[in-house]
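We count ligands from 1, going down the list as the structure has it; atoms in each ligand are counted the same way.
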Amino acid sequence: MPLGGWFAALRARLFSVRAIPDPIWRDALAAAPLCAALDGARQQRLRVLCAQFLAHKRFSAEAGAQLDDLRCLLIAQQACLPVLELGFAALHGWREVIVYPGEFRVRHPRQDRSTGVITEQDETLIGEAWARGPVVLSWASVSHDLAHPHDGFNVVVHEIAHKLDQLDGAMDGVPALPPGLSRHVWLDVFQRAFDHLQRQLDNGQHGAIDAYAATNPEEYFAVTSELHFSRPVQLAQAAPEVARLLTGLYGAPPAALVP
Ligand SMILES: [Zn+2]
């Protein structure tokens, strides 16, 4: 039984999954070029996934954020793009999507990896994925990504990549892999690519992969996931083996004109 088989069917009976009406689906596709660029079969799969997402996840607006059906669907579309091949079960273990109007401030304990010392730090974020908790998003950033689908960034894809990474318990840059992708190969390819990026940055070379990816292996995975959907040609040139593995995980990037 494929991922999402009987489990998804059971949940679909427990929650009422209503099909997405044509008019709002058309409006959402018109606003989301990455989704509109999918072929017909994948677009149909995305529509079913979005219906499941909207039935099973709870949206809440914070700090005066404006949410309506279309905005929720636009977020669902971006969130379901990375699970077109994995199925909806890959998004299990969490329920909530919290939306702020723009950047939001958080205070979290951070542990220094070398010293083990834990300190409280304030950060300003555009997105966050809590372990087994909510995905938190800035609507301004979601909206920017929709308007600039090929600028290399996509906050929803980034946070969903973290969710996929957390699915096997450890946040380590290795998501729960489908059959056909080897954990050993994944670790080897991503570690070498991560080391290569760090060397490039040490030498002052900035390329297609944003420097934030060099923070740690989990951010490397999330940032290259954004590139897979948003700038696949540049990713394939910068890190061809990474691009190949991400295609194995996510499927081929949407067939779109990539500037
Ligand atoms: Zn991140």
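- Every residue was checked against the side chain to side chain donor-acceptor pair (under 3.5 Å) condition with R199, not counting sequence neighbours, and none meets it.
- Counting only protein N, O or S atoms, the number found under 2.8 Å from the Zn ion (ligand 1) is 4.
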Review item, side-chain donor-acceptor pairs of residues 131-142, under 3.5 Å, at least two apart:
unit_1	atom_1	unit_2	atom_2	d
S138	OG	A140	N	3.4
S138	OG	S141	N	3.1
S138	OG	S141	OG	3.2

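- Taking E241 as the reference, R244 meet the salt bridge (Lys or Arg N to Asp or Glu O under 4.0 Å) condition, with sequence neighbours excluded.
- Classified by interplanar angle (parallel below 30°, tilted 30° to 60°, perpendicular above 60°), the ring pair Y250/H228 is tilted.
- Between F221 and L249 there is a side-chain heavy-atom pair separated by less than 4.5 Å.
- Atom-to-atom distance recorded for E218:CD and F190:CZ is 12.5 Å, nearest 0.5 angstrom.
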